[in-house]
Student: 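Here it is, the structure in full.
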Amino acid sequence: VYGGNTKVPFSEADRVDAPVSLYAATKKADELMSHCYAHLYRMPLTGLRFFTVYGPWGRPDMAMWLFTEAILAGGAIKGFNHGRMKDFTVTGYDFFYRQTCTVERGWFVIDLQSDGLPKRALFILIIISLLLLCWWVVFLSGGSALPHVHLVYVPIIISAFVFGPPGGVAAGVAGAALMGPLMPLDVATGQEQSFVNWSLRGAYLTGFGILVGGFRWALNARNDKIVEALNYDSETKLYRTSAFLHHISDTFANRPENQRDAMIQFAVKNYDELIVAFGLEAYESAIQGASARLGRAVPEASVLGRSGRDRLNVFLPDCDRPDALQITAQILEILEHSEDATGVALVLSLEAGIAISPDDADAPGELLRAAAAAIADGALASAQVHSFDRRTNDLRKENLQLLAELRRALMNEGLAFYAQPKARCRDLSFCGAELLVRWSHPERGFIPPDQFIPLAERSHLRGAITTYALR
């Protein structure tokens with residue numbers, strides 16, 4: 001989809017500079033523009049692309065139009081089927097994620113242990129019962145000369161899928177015995193099968209069991225690769241964000257009432273510079289070495305993960321804020337100096353954000369977001385380690401909302417300009433004027449310039465306000 005890549009399997013590190021479809025080109029463009037915008041204006045972005053049909057073949061009842069109309073009208077988004085129906089893409093991912101992350105055994109592997117009676121013995125009893133049932137049906141039907149003899153393939157398939165090739169061989173040999181010397185060719189006349197007949201049938205059944213069992217093993221081997229690609233970062237082998245949050249969710253569910261847990265996120269601030277100067281491969285090699293050192297530096301009970309290319313996450317159970325600050329300082333000393341696979345020294349400029357549960361958040365996703373917010377809130381500070389502060393985070397939210405409303409005010413001509421005359425000191429004669437921008441918000445009232453001008457200067461709206469004033 002993304003390019004003429006002949007290397008298999010694909011990797012996130014593969015270059016996609018030559019897309020081979022318009023779909024891939026638009027997706028690449030979205031990612032590039034989002035990355036540039038986030039880099040220039042230091043605003044976190046999430047790109048949304050709808051898996052649907054546009055143009056004359058699009059329907060008015062699609063989610064994109066329903067959401068847009070509801071947002072413009074200020075109404076609620078209508079939920080269907082009491083909220084239990086999902087988009088097909090989300091449903092497929094949700095099913096796959098539950099199978100691979102929750103069970104961690106994949107689609108075609110059956111967990112053979114349970115409380116009380118082992119499932120292995122239960123499956124063996126079921127397969128033996130099916131074999132005996134097949135023998136009984138074939139015997140009552142008149143013998144192995146009739147087509148009913150092929151019913152024996154059913155328990156062989158089940159055994160091979162449950163136990164692999166060994167199960168297929170065992171069920172095949174048992175089926176060969178039941179449908180061979182223990183089964184007459186014709187029950188009515190008592191005619192027995194020849195040795196060649198039942199031995200060949202036994203070879204077919206056993207070979208079939210081996211074939212199905214091998215197919216089952218091949219499916220599981222491929223599924224294991226898919227599970228690994230879904231749950232683990234391909235370079236560092238750390239948990240991806242979704243698997244990382246899922247892994248620590250049990251800690252939140254079973255945590256004692258007074259226990260504190262820490263979430264630390266490390267951000268590589270010179271990520272863009274390293275990529276441009278040394279290339280993605282060298283950067284990933286350095287991150288791989290840093291993650292290996294990180295695994296040796298944290299306590300044994302810690303959970304490690306990676307978010308994107310420039311974020312490393314550490315979850316520390318039973319860790320309060322002072323201990324988290326101390327551990328973070330030690331980790332920073334270990335991680336900053338790294339090198340790629342060729343021995344080129346790279347310096348990772350790192351900042352760390354710390355959030356404590358339940359003080360800052362009481363859910364895994366919210367705790368990780370709080371750690372990321374700590375880094376964002378401390379972007380203008382000189383410190384390297386930032387602890388989550390709810391008041392600072394609330395102020396950042398309010399500023400982002402104010403920035404969005406400022407953009408709307410520009411579109412609706414909601415800003416006013418007042419000319420302040422300028423005079424020469426020599427003779428007090430008029431020599432020009434200075435335009436002062438003022439904002440009268442329809443709900444907040446008068447907003448002082450020192451509240452919205454700094455926000456505009458840190459975003460692209462600074463140029464937009466200048467253009468609006470000149471127009």
Side-chain angles (χ1 to χ4, degrees), residues 10-14 27 30-31 34-35 38-39 43-49 86-87 89-104 225-253 261-269 271 275 280 283-284 287-288 290-292 294-295 298 301-317 319 324 328 331 335 348 350-357 360-377 386 388 393:
F10 297 142
S11 170
E12 287 187 351
D14 293 342
K27 189 174 189 299
D30 178 29
E31 294 171 352
S34 299
H35 180 270
H39 172 71
M43 294 179 64
L45 293 179
T46 298
L48 275 180
R49 300 183 78 256
K86 301 178 181 179
D87 176 82
T89 303
V90 178
T91 302
Y93 174 79
D94 183 60
F95 169 77
F96 188 81
Y97 179 77
R98 287 202 308 271
Q99 294 296 318
T100 55
C101 291
T102 306
V103 182
E104 293 184 350
K225 293 181 180 180
I226 297 175
V227 170
E228 182 177 356
L230 181 67
N231 294 335
Y232 299 95
D233 178 68
S234 60
E235 302 295 336
T236 63
K237 304 306 178 185
L238 301 180
Y239 281 119
R240 295 184 185 272
T241 303
S242 298
F244 174 76
L245 296 176
H246 176 81
H247 194 77
I248 66 177
S249 60
D250 291 340
T251 302
F252 278 75
D261 301 323
M263 180 72 75
I264 309 172
Q265 185 172 88
F266 297 92
V268 183
K269 307 306 290 185
Y271 160 75
I275 294 293
L280 181 60
Y283 171 79
E284 287 295 334
I287 289 295
Q288 186 176 1
S291 63
L294 176 62
V298 297
S302 305
V303 182
L304 306 181
R306 187 182 185 188
S307 298
R309 293 198 181 278
D310 62 338
R311 304 282 170 135
L312 297 175
N313 307 317
V314 180
F315 176 72
L316 301 172
C319 179
T328 303
I331 293 176
L335 294 186
L348 302 177
L350 298 172
E351 288 190 20
I354 300 175
I356 304 297
S357 176
D360 301 327
D362 55 2
E366 290 299 313
L367 187 63
L368 181 61
R369 189 199 63 80
I375 298 176
D377 294 338
H386 313 283
F388 178 77
N393 186 60

Student: Work out which heavy atom in Ile356 is nearest to a heavy atom in Cys319; give both atom names and the distance.
Tutor: CD1-O, 4.2 Å
Student: side-chain contact (heavy atoms from CB on, under 4.5 Å) for Ile331 and Leu350? Distances and angles first, verdict last.
Tutor: CA-CA 10 Å; Ile331 293 176; Leu350 298 172; over 6 Å; no
Student: Can you see which heavy atom on Ser302 is nearest to which on Pro317, and at what distance?
Tutor: CA-CD, 4.2 Å
Student: Roughly how far, to the nearest 0.5 Å, is the CG atom of Asp360 from the CE atom of Met263?
Tutor: 11.5 Å
Student: For the atom pair CG (Asn313) and OH (Tyr239), what is the distance rounded to the nearest 0.5 Å?
Tutor: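 Nearest 0.5 Å value for the CG-OH distance: 13.5 Å.
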Student: Would you check, one step at a time, whether the test side-chain contact (heavy atoms from CB on, under 4.5 Å) holds for Leu312 with Leu304?
Tutor: CA-CA 7 Å; Leu312 297 175; Leu304 306 181; over 6 Å; no
Student: Quick one: pull up CD1 in Ile248 and CG in Asp261 and give me the separation to the nearest 0.5 Å.
Tutor: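 Here the interatomic distance stands at 8.5 Å.
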Student: Return the set of residues passing ring-ring contact (aromatic ring centres under 6.0 Å, His included) with Phe266 (not counting sequence neighbours), or none when no residue passes.
Tutor: none
Student: Please test Ile375 against Arg311 for side-chain contact (heavy atoms from CB on, under 4.5 Å), starting from the C-alpha separation and ending with a verdict.
Tutor: CA-CA 11 Å; Ile375 298 176; Arg311 304 282 170 135; 3.8 Å; yes
Student: Which atom pair, heavy atoms only, marks the closest approach of Leu348 to Ala290?
Tutor: CD1-CB, 4.0 Å
Student: Working to the nearest 0.5 Å, report the span between OG of Ser307 and CG of Leu245.
Tutor: 7.5 Å
Student: So how far is it from Asp362 CG to Leu367 CG, rounded to the nearest 0.5 Å?
Tutor: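 Taking CG in Asp362 and CG in Leu367, the distance rounds to 9.5 Å.
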Student: What is the distance from atom CZ of Phe315 to atom CD1 of Ile264, rounded to the nearest 0.5 Å?
Tutor: 11.0 Å
Student: Checking Glu235 now: which residues fulfil side chain to side chain contact (heavy atoms under 4.5 Å, CB included) with it, not counting sequence neighbours?
Tutor: Ser11, Ala13, Asp233, Glu284, Gln288, Arg306
Student: Are any of the side-chain nitrogens in Lys225 or Glu228 under 4.0 Å away from the carboxylate oxygens of its partner?
Tutor: no
Student: Heavy atoms only: give me the nearest Phe388-Ala373 pair and the separation to one decimal.
Tutor: CE1-CB, 4.0 Å
Student: Using atom types as modelled and distance alone, determine if a side-chain donor or acceptor of Arg240 lies under 3.5 Å from a backbone N or O of Asn231.
Tutor: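 Looks like no, no N/O pair under 3.5 Å.
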Student: Test side-chain contact (heavy atoms from CB on, under 4.5 Å) on Val268 and Ile287; report intermediate values, then the result.
Tutor: CA-CA 10 Å; Val268 183; Ile287 289 295; 4.1 Å; yes
Student: What is the minimum heavy-atom distance between Ser34 and Asp30, and which atoms define it?
Tutor: OG-O, 2.8 Å
Student: If every non-hydrogen atom of His386 is compared with every non-hydrogen atom of Ala374, which pair is closest and at what distance?
Tutor: CB-O, 3.3 Å
